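One structure is given below, encoded as structure tokens.
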Amino acid sequence: MALLALEAVQTDIGQFHILQDVSLAVPEGGVTVLLGRNGAGKTTTLKTIMGLTPAKAGAVTFRGSDIARMAPHQIARLGLGYVPEDRGVFTQLSVEENLRVAARGRDLRRKDRRLDKVFELFPDLRTAWKRRAGNLSGGQQQMLAVARGLINENALLLIDEPSKGLAPVVVEHLAAALRQIAKQATVLLVEQNFALAAAIGDHYSIIDDGRTVRQGEMTDLIKDAELKQKYLGVAS
Ligand SMILES: Nc1ncnc2c1ncn2[C@@H]1O[C@H](COP(=O)(O)OP(=O)(O)O)[C@@H](O)[C@H]1O
Ligand SMILES: [Mg+2]
């Protein structure tokens, strides 16, 4: 059984039919990459999973239970972490305050162990502990955004385009951290940078114009020049 499954999901935003037919199976463990052109519906898919733009039809199941009609805070409490495209860090707050706000208020000692994990993956956040998030570099803000998802015992992390606008060396650091994270949690990653997606993805799913067009193993997609060209604009 997949950890998370979407079946024939449709989502409207206002009067617009954004997701028309999205089906997605995220196996437990590793990294599943959600791919597709700009405007294909990747962000809306993540928001639909989190209940932020609820599905109007279709099924969303997590560990076999229907979550499609649950409120975002209830979904989060099941162990789903969401790292939004705009990062969602509070620029006026310090790194410490951002993580305290993100931590769901239970089991603080466990939280401290989570913090050790965060520092191990992102040493910059220890150094910048008391600094305002707004004064961090773009890469450090992205690390903080991911750290907010790690501070709780999440089984599934949804991460939307973390590499956007970052320098290659920072992207490499982030990629290594995501691989580490995926050893203990499942990651559903939206990523436009195909080289990065190919390097860290185990499974893939492609969305085009609000519909799922293909999913499978990343190793198969890497070999499929036609598929990459057609939906991702990746030249062979
Ligand atoms: N709040 C909104 N109101 C109207 N249209 C929206 C809104 N959010 C997204 N869309 C549209 O939905 C489509 C999918 O958007 P999105 O999920 O952000 O795509 P992606 O993340 O793949 O780039 C796009 O055509 C976008 O313009
Ligand atoms: Mg998007």
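Remember, predicted model here, so these are calculated numbers, not experimental data.
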ask   = Should D124 and R131 be marked as a salt bridge (charged side-chain N to carboxylate O under 4.0 Å, His left out) after you check the CA-CA gap, both sets of side-chain angles, and the distance that decides it?
value = CA-CA 11 Å; D124 280 22; R131 285 179 63 197; over 6 Å; no

Worksheet item: So, N152 side chain and A102 main chain: donor-acceptor pair closer than 3.5 Å or not?
Response: yes

Donor-acceptor pair, side chain of K228 and main chain of G233, under 3.5 angstrom = no

So the ring-ring contact (aromatic ring centres under 6.0 Å, His included) pairs with at least one residue in residues 123-161 (sequence neighbours excluded) are F119-W129

Discussion item. Using the rule given for side-chain hydrogen bond (donor to acceptor under 3.5 Å, both in side chains), can you reason through T43 versus D160, listing the C-alpha separation, both sets of side-chain angles and the distance that settles it, and then say yes or no?
Written reply: CA-CA 7 Å; T43 295; D160 201 347; 2.7 Å; yes

- Does E191 use its side chain to pair, donor to acceptor, with the backbone of L35 at less than 3.5 Å? no

- Query: With a 3.5 Å cut-off and no angle check, do the side chains of T11 and T48 form a donor-acceptor pair?
  - Reply: yes

### Message
I'd like to know if the side chain of K47 reaches the main chain of K42, judged simply by a donor and an acceptor atom lying under 3.5 Å from each other, with no hydrogens or angles considered.
### Response
no

Does Q142 reach the main-chain N or O of S163 with its side chain, forming a donor-acceptor pair under 3.5 Å?
no

Using modelled atom types and a 3.5 Å cut-off, is there a donor and acceptor pairing between side-chain atoms of H173 and backbone atoms of L121? yes

For the pair D66 and R69, find out whether any cationic side-chain nitrogen is under 4.0 Å from an anionic carboxylate oxygen. yes

Scanning both residues in full, the closest heavy-atom pair of P72 with G51 reads CG-O, 3.5 Å

Side-chain donor/acceptor of T186 to backbone N/O of A182, under 3.5 Å
no

Worksheet item: Is the shortest distance from a Lys or Arg side-chain nitrogen in E28 or R63 to a carboxylate oxygen in the other one below 4.0 Å?
Response: yes

side-chain contact (heavy atoms from CB on, under 4.5 Å) filter on E172, not counting sequence neighbours, yields none

**Asked** salt bridge (charged side-chain N to carboxylate O under 4.0 Å, His left out) between E96 and R100: does it pass, once the steps are laid out?
**Response** CA-CA 6 Å; E96 175 182 9; R100 297 229 176 271; 3.4 Å; yes

How about R214 and Y231: do any of their side-chain heavy atoms sit closer than 4.5 Å?
no

Check your understanding: Distance-only, no hydrogens or angles: does the N98 side chain make a donor-acceptor pair with backbone N or O of S94 under 3.5 Å?
Key -> yes

Would you say Q74's side chain and A71's backbone share a donor-acceptor pair under 3.5 angstrom? yes

message: Taking A8's backbone N and O only, do any of them form a donor-acceptor pair with S23's side chain (distance below 3.5 Å, no angle check)?
response: yes

Between N154 and G79 the two heavy atoms that sit nearest each other are OD1-C, 3.3 Å

**OP:** Please tell me if the side chains of Q192 and K164 come closer than 4.5 Å, counting only heavy atoms from C-beta onward.
**Re:** no

Quiz prompt | Within one Ile-Leu-Val-Met-Phe-Trp-Tyr cluster: L221 and L196, side-chain cutoff 4.5 Å | solution = yes

Contact check, side chains of Y204 and L227, non-hydrogen atoms, under 4.5 Å: yes

In terms of heavy-atom contacts, P162 and V190 come closest through CD-O, 3.7 Å

ILVMFWY network linking V83 to L166, side-chain heavy atoms under 4.5 angstrom: yes

